[in-house]
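Bear in mind that the values here come from a model prediction, so they are computed numbers and not experimental data. Scope of the values below: all heavy atoms of this structure, side chains included, with no hydrogens, waters or symmetry mates. As the structure lists them, so they are numbered: ligands from 1, and atoms in each ligand from 1.
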Amino acid sequence: MHLENANAKIYVAGHRGLLGSAIVRQLRCAGFQNLILRTSKDLDLRDQSATDIFFEAERPDFVVLAAARVGGILANDQYPADFICDNLSIQNNVLQAATRVHVRRLVFLGSTCIYPREAPQPLKESYLLSGPLEETNRWYAVAKIAGVTQCQALRRQHRCDFVSLMATNLYGPGDNFDLQTSHVLPALLRKFHEARVLEQPEVIVWGSGKPRREFLFSEDMAEACVFVLQVPEEELHRVAPDGLLNVGTGQDVSINELCGMLRDIVDTRCALVHDRSKPDGTPQKLVDVTRMQTLGWTAPTPLPLGIEKTYAWYQKHCA
Ligand code: GFB
C-alpha cells in the first residue's frame with residue numbers, strides 16, 4: 001500500500017549514512033514528519049531479538065532499509081566476511097520483523113553490482129542471476145541478491161508490498177572520504193583537493209582508469225526512494241512485476257573521464273598516475289532506467305553539478 005498520509009509512521013533504517021540521511025531530508029521536505037530513527041548504537045539491526053522488539057514496539061507503517069555495510073572496491077575485497085555477514089543479518093532481521101508487523105510498504109536498497117559482470121549493457125532488471133558475478137564484490141553482491149530475492153519471496157507468499165531499488169554508484173554530501181574504504185568519487189575528489197592545496201604534481205588513480213561507472217547524486221537517489229513509496233500498488237506492480245527497479249541516470253563515464261571533471265571542479269592541473277596493482281573491478285555498470293522513467297521519475301542532477309555540491313560540502317566539513 002503506498003504512502004499518502006502525512007502522519008504515516010516511517011522507519012528509515014541507516015539514517016546516518018550517505019543515503020539514509022538524504023532520505024530523511026527528502027521525507028521531511030515532502031511533509032512527512034513522523035519518522036522513526038535509531039542509530040546503530042541504539043539498535044543493532046544485526047541482533048534479531050533487538051530488531052523484533054523494536055518493530056513490535058514501534059510498528060512502523062513504512063520502512064526504507066538503507067542500513068548496510070558498504071564500501072569501495074578495496075574495502076569489499078579486504079572485509080569479505082563483514083560485507084556478507086552483516087548485510088545478510090541486517091536485511092533478514094528487518095525483512096522478517098517488517099513482515100510480522102504488516103508494514104504497508106518496504107523499500108529495500110539493492111545495488112547494481114548484483115548483476116553479472118559480463119551482462120549486456122545497459123543492465124535490465126531481468127538480467128539478475130543470469131551469469132557469474134564480479135570477483136571483487138561478490139560477497140556484498142550475494143548478500144544483496146539474497147535480500148532482493150527474500151523480498152520477492154515475501155511478496156509471493158505473504159503478499160508483502162516489498163520493493164527493491166538497485167542503486168548505481170552513489171556520491172554526495174556526507175560521503176565517506178577515507179582513502180582506503182571509500183568509493184572512487186569521494187576518494188578522487190579528496191586526492192585532487194589535497195593535490196591542489198599541498199601543490200602535489202600528481203594524483204594516484206587505482207587501476208587502468210578505463211572501467212565505466214554510472215554515478216548518481218545521493219539526494220536524487222533519496223528522491224527516488226520517496227517517489228517509489230508514493231507510487232500506487234497497481235502501477236508499481238504493472239511496471240515492476242518482479243519488484244525490482246533500477247535507479248540511475250542512464251549515463252556513465254570512464255574513471256579517466258571522471259578524473260577530468262574532478263580536476264576541473266577542484267581546479268588543479270596535476271597529472272594522473274595509474275596504480276595498476278589495484279583492481280579495476282567490473283568493466284561497466286550502466287543501468288537501464290526505463291522502469292523508473294515509465295513510473296515518471298528521472299534523475300534531476302547532472303554529474304558536474306552533483307560533484308560541485310559535494311565538493312562544497314567537503315570543503316566546509318572535511319577539508
Ligand atoms: O567506487 P569503487 O571503489 O567500486 O571503484 P566499484 C570504481 C573504480 O574506480 C574501480 C577505480 O575501477 C577502481 O579501481 N578507482 C580509481 C578507485 N581510483 C580509485 C580510488 O582512489 N579509490 C577507489 N575506491 N576506486 C563498488 C562495489 O564497486 O561499487 C560495492 O565494490 C558497491 O560493492 C559499489 O556495489 C556501488 O564501483 O568497482
Q.
Within the 4.0 Å heavy-atom shell around A187, which atoms of ligand 1 are there?
A. 20 (C), 21 (O), 22 (N)

Q | Closest approach of any protein heavy atom to atom 34 (C) of ligand 1, naming residue and atom | A | H183 NE2, 3.3 Å

Q: Specify side chain, backbone, both or neither for K285, according to which of its non-hydrogen atoms lie closer than 4.0 Å to ligand 1.
A: side chain

Q: Count the heavy atoms of every other residue, nucleotide or ligand shown that sit under 6.0 Å from NE2 of H237, and state whether that count exceeds 12.
A: no

Donor-acceptor list for residues 55-75 side chains, cut-off 3.5 Å, not counting sequence neighbours:
unit_1 : atom_1 : unit_2 : atom_2 : d
E56    : OE1    : R59    : NH1    : 2.8
E58    : OE1    : K9     : NZ     : 3.2
E58    : OE2    : R38    : NH2    : 2.9
D61    : OD2    : K9     : N      : 2.8
R69    : NE     : D86    : OD2    : 2.7
R69    : NH2    : D86    : OD2    : 3.0

Q. Counting heavy atoms only, which of N87, T112, N137, L185 comes nearest to atom 27 (C) of ligand 1?
A. N137

Q: Answer with side chain, backbone, both or neither: which part of P279 has a heavy atom less than 4.0 angstrom from an atom of ligand 1?
A: backbone

(Q) Show the atoms of ligand 1 that are less than 4.0 angstrom away from any heavy atom in C113. (A) 33 (O), 35 (O)

Q.
Between ligand 1 and I255, can you find any atom pair, the residue atom being a heavy atom, that is separated by under 4.0 Å?
A. yes

**Q.** Protein contact to atom 21 (O) of ligand 1 [nearest heavy atom, distance to 0.1 Å]
**A.** K191 NZ, 2.8 Å

Q | Distance from atom 1 (O) of ligand 1 to nearest protein heavy atom, with residue and atom | A | V184 N, 2.9 Å

**Q.** K124 NZ: over 12 foreign heavy atoms closer than 6.0 Å
**A.** no

Q) Do F192 and Y311 sit in the same hydrophobic cluster, where Ile, Leu, Val, Met, Phe, Trp and Tyr count as joined when their side-chain heavy atoms come under 4.5 Å apart? A) yes

**Q.** contact_flag G71 ligand 1 heavy-atom lt 4.0 Å
**A.** yes

Q) Is there a heavy atom in T136 that sits closer than 4.0 Å to ligand 1? A) no

Q. Please state which protein non-hydrogen atom is closest to atom 10 (C) of ligand 1 and give its distance, to 0.1 Å?
A. D280 O, 3.3 Å

(Q) With a 6.0 Å cut-off (strictly less than), is the heavy-atom count around CD of Q152, excluding the residue itself, greater than 12? (A) yes

Q: Give a yes or no on whether Y115 and L129 share a hydrophobic cluster (residues Ile, Leu, Val, Met, Phe, Trp, Tyr; joining criterion: side-chain heavy atoms under 4.5 Å apart).
A: yes

Q: Would you mind listing which atoms of ligand 1 come within a distance below 4.0 Å of any non-hydrogen atom of P211?
A: 12 (O)

Q | Interatomic spacing from OG1 in T168 to CG in D252 - rounded to 0.5 Å | A | 10.0 Å

Q: Check whether L35 and L18 end up in the same hydrophobic cluster, where Ile, Leu, Val, Met, Phe, Trp and Tyr are linked by side-chain heavy atoms less than 4.5 Å apart.
A: yes

Q: Report the part of I73 in contact with ligand 1, treating N, CA, C, O as backbone and CB onward as side chain, heavy atoms under 4.0 Å; options are side chain, backbone, both, neither.
A: both

Q: Please could you name the atoms of ligand 1 that R213 approaches to less than 4.0 Å, counting only its heavy atoms?
A: 6 (P), 7 (C), 37 (O), 38 (O)

(Q) Using 0.5 Å steps for rounding, measure from the NE2 atom of H15 to the CD1 atom of I10. (A) 14.5 Å

Q. Atoms of ligand 1 less than 4.0 Å from S111 heavy atoms?
A. 35 (O)

(Q) Can you report which non-hydrogen protein atom sits closest to atom 30 (C) of ligand 1, along with the distance? (A) N76 ND2, 3.5 Å

Q: Could you check atom 18 (N) of ligand 1 against the protein and tell me its nearest heavy-atom contact, residue, atom and distance included?
A: W206 N, 2.9 Å

**Q.** ligand 1 contact on Y140 by region, counting heavy-atom pairs under 4.0 Å
**A.** side chain

**Q.** R190 bridged to E194 by N-O distance under 4.0 Å
**A.** yes

Q. Can you tell me the protein heavy atom closest to atom 36 (C) of ligand 1 and the distance?
A. N169 OD1, 3.7 Å

Q: Please identify which atoms of ligand 1 are closer than 4.0 Å to at least one heavy atom of G72.
A: 3 (O), 31 (O)

(Q) One residue to check: S182. Relative to ligand 1, which of side chain, backbone, both or neither has a non-hydrogen atom less than 4.0 Å away? (A) backbone

